[in-house]
Amino acid sequence: MPELPEVETTVRVLRPTLTGREITGLHTEWPPHVATPPLPEMVVRIKGQTITSLDRRGKYILLHLSGEGTLIVHLRMSGHLAVVATDHPRHKHEHTILTLAPRPETPHIQEELRFRDQRKFGRLYLVQDPVEIVGKLGPEPLDENFSAADLQRLVAGRKRQLKPFLLDQSIVAGIGNIYADEALFYAGLHPLRQTDTLTEEEVNRLYTALRQVLLMGIEREGASIDLYVKPDGSRGDMQNAVVVFRRQGLPCFQCGRSIVKIRVGGRGTHYCAHCQPLPEDQP
DNA sequence: ACCGGAGCCTGTTAGC
DNA sequence: TGCTAACAGGCTCCGG
């Protein structure tokens, strides 16, 4: 499932190939992919637009367009973007296609941006102002301006289990199930820990752990655990560095005891009961 | 404010 | 062996 590091990797790979490219058309075999505006309007408005730059905000991919609008892509569970030659065989789950004008230096090579999405949860949005879509997101955890004090402020006044707290995109953007579990392990915090019981030192640990696992994920170009692969189809490397995610029954790298799996807020949650203890006075 | 559950999807896996 | 049911999870919406 693409989270911040997977989306960041996708953007970094696509940026050189997509910057400056003109979109000549949009075609979809799965209309629900187009969230807004309605499909016919999307088709008309996207045509002829040039991609001026690419950005990431949380788990959203932002393609800024010459017409002052922004095409936003969310990969959700199984989304995958790649620029491929038009005559390349179509993959079964490539439901939405953005055709591209050839690069000036290779006018004979026809390419297109393909949105592959096995689970069909992905979405496209074309908006004048990205704030319409990403405005509800919390701060970027890797932003240089995001400090431990900021996380302290986000924790303050909230009474919530840590795991759902981390997955809430309106608090901090980009964290998903893998990196939440990984960060909690490095912070030595139990996923059911209530936010209002955290000490300043514990929040500082969480802050450091969050940034550490997200940076590790980016360095390793994402975790190819389920369907995620890089745009070129190659695998990331973060799956070889996870310490708790989907490691239930396997020994903790720190203490050797078995990693356990529970459900928290409907999500599979993996942790080491010894290294991430829940204080006696917590429910 | 927060929690749990349903719903959206399909491929894989667990269980009978 | 073959079928069905459960599971995986990012996000939104709903009711409590």
Side-chain angles (χ1 to χ4, degrees), chain A residues 1-11 28-36 56-62 72-81 91-96 115-125 127 130 132-138 140-141 153-184 191-198 214 217 222-229 236 238-239 242 244-249 259-271 282-283:
Chain A
M1 351 64 273
E3 304 177 26
L4 188 156
E6 288 74 28
V7 176
E8 178 65 26
T9 300
T10 297
V11 168
T28 185
E29 288 158 26
W30 180 250
H33 257 170
V34 177
T36 190
R56 178 192 58 74
R57 179 76 173 90
K59 300 174 193 171
Y60 293 85
I61 297 167
L62 279 58
I72 301 179
V73 184
H74 198 302
L75 304 175
R76 295 279 186 105
M77 303 294 305
S78 61
H80 177 267
L81 287 177
H91 186 284
K92 182 181 175 185
H93 297 295
E94 285 169 346
H95 306 299
T96 299
F115 188 14
R116 182 167 90 211
D117 187 17
Q118 178 180 113
R119 307 285 277 282
K120 297 180 172 176
F121 288 159
R123 292 293 180 266
L124 300 178
Y125 313 82
V127 291
E132 295 173 42
I133 302 300
V134 300
K136 290 184 292 187
L137 297 177
E140 284 293 323
R153 273 188 287 276
L154 290 166
V155 166
R158 282 190 171 90
K159 184 185 174 67
R160 215 170 162 185
Q161 295 171 332
L162 258 183
K163 180 73 184 278
F165 172 84
L166 290 178
L167 293 180
D168 188 335
Q169 302 300 299
S170 71
I171 296 172
V172 180
I175 301 161
N177 215 28
I178 298 175
Y179 295 93
D181 283 3
E182 294 295 298
L184 288 173
L192 292 177
R193 189 69 185 280
Q194 296 285 130
T195 50
D196 63 339
T197 69
L198 293 171
L214 292 171
S224 293
I225 290 180
D226 284 329
L227 292 164
Y228 168 79
V229 287
M238 184 62 188
Q239 69 277 7
V242 294
V244 289
F245 189 77
R246 300 235 181 126
R247 289 196 67 248
Q248 63 270 26
I259 300 299
V260 294
K261 179 181 180 181
I262 59 172
R263 280 189 94 73
V264 182
R267 308 280 154 212
T269 299
H270 318 74
Y271 69 102
Q282 306 296 318

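By convention in this document, chain letters (A, B, ...) are assigned in the order of the sequence lines, proteins followed by strands, and residues within each chain are numbered from 1.
- Following rounding to the nearest Å, A:Phe165 (CZ) and B:dC2 (P) show an atom-to-atom distance of 9 Å.
- Here A:Phe115 and A:His95 keep their ring centres 6.0 angstrom or further from each other.
- Both thresholds, 5.5 Å between centres and 30° between ring planes, are not jointly met by A:Phe121 relative to the base of C:dC11, so the two rings are not stacked.
- If you check C:dT12, B:dG11, B:dC2 against the side chain of A:Arg158, the one that comes closest is B:dC2.
- At B:dG11, none of the side-chain N or O atoms of A:Lys120 fall inside 4.0 Å of OP1 or OP2 (strictly under the cut-off).
- In terms of polar N and O atoms assigned as donor or acceptor, the side chain of A:Arg123 never comes within less than 3.5 Å of the base of C:dG10 in a complementary pairing.
- For A:Tyr60, the side-chain atoms get nearest to C:dT12 when compared with the rest of B:dC9, C:dG10, C:dT12.
- Computed from coordinates, the A:Ile133 CD1 to C:dG10 P distance equals 19 Å when rounded to whole Å.
- Rounded to an integer number of Å, the gap from CG of A:Leu75 to P of B:dT10 is 18 Å.
- Between the side chain of A:Glu182 and the backbone N or O of A:Val244, at least one donor-acceptor pair lies under 3.5 Å.
- Residue A:Gly268 is in sugar-phosphate contact alone, with no base atom involved, counting any heavy-atom pair closer than 4.0 Å across all strands shown.
- Looking at heavy-atom distances under 4.0 Å, A:Met1 makes contact with sugar-phosphate atoms alone, never a base.
- Distance A:Asp117 CG to C:dC11 C1': 13 Å, rounded to the nearest Å.
- Along DNA chain B, the nucleotide closest to A:Arg160 and the one closest to A:Arg267 are compared, and the more 5′ of them pairs with A:Arg160.
- The side chain of A:Lys136 lies closest to C:dT12, out of C:dG10, C:dT12, C:dA8.
- Salt-bridge formation is not detected for the pair A:Asp181/A:Lys261: no Lys NZ or Arg NE/NH1/NH2 atom is positioned less than 4.0 Å from an Asp or Glu carboxylate oxygen.
- Under 4.0 angstrom from either OP1 or OP2 of B:dC9 there lies no side-chain N or O belonging to A:Gln118.
- Across all strands shown, A:Phe245 has heavy atoms under 4.0 Å from sugar-phosphate atoms exclusively, and none from any base.
- Taking every side-chain heavy atom of A:Lys59 into account, C:dC11 is the closest of B:dC9, B:dC3, C:dC11.
- Distances were taken from every side-chain heavy atom of A:Lys92 (C-beta onward) to each of C:dT12, B:dG11, C:dA8; the shortest belongs to B:dG11.
- Judged by distance alone, with hydrogens and angles left aside, the side-chain atoms of A:Ser170 form no donor-acceptor pair with the main-chain N or O of A:Leu137 at under 3.5 Å.
- The side chain of A:Arg263 approaches C:dA8 more closely than any other nucleotide in the set C:dG10, C:dA8, B:dG11.
- A salt bridge does not link A:Glu3 to A:Lys59: none of the charged nitrogens lies less than 4.0 Å from a carboxylate oxygen.
- Separating the CD1 atom of A:Ile61 from the C1' atom of C:dG10 is a distance of 14 Å, rounded to the nearest angstrom.
- Nucleotide C:dG10 holds its C1' atom 12 Å from the CG atom of A:Asp226, rounded to whole Å.
- Looking at heavy-atom distances under 4.0 Å, A:Arg76 makes contact with a base.
- Between the CG atom of A:Asp168 and the C1' atom of C:dT12 there is a distance of 12 Å, rounded to whole Å.
- Remark: A:Arg160 engages A:Asp168 in a salt bridge, criterion side-chain N to carboxylate O under 4.0 Å.
- Per the geometry, CE belonging to A:Met77 stands 5 Å off P belonging to C:dG10, to the nearest Å.
- Ranking C:dG10, B:dT10, B:dC2 by closeness to the A:His93 side chain, first place goes to B:dT10.
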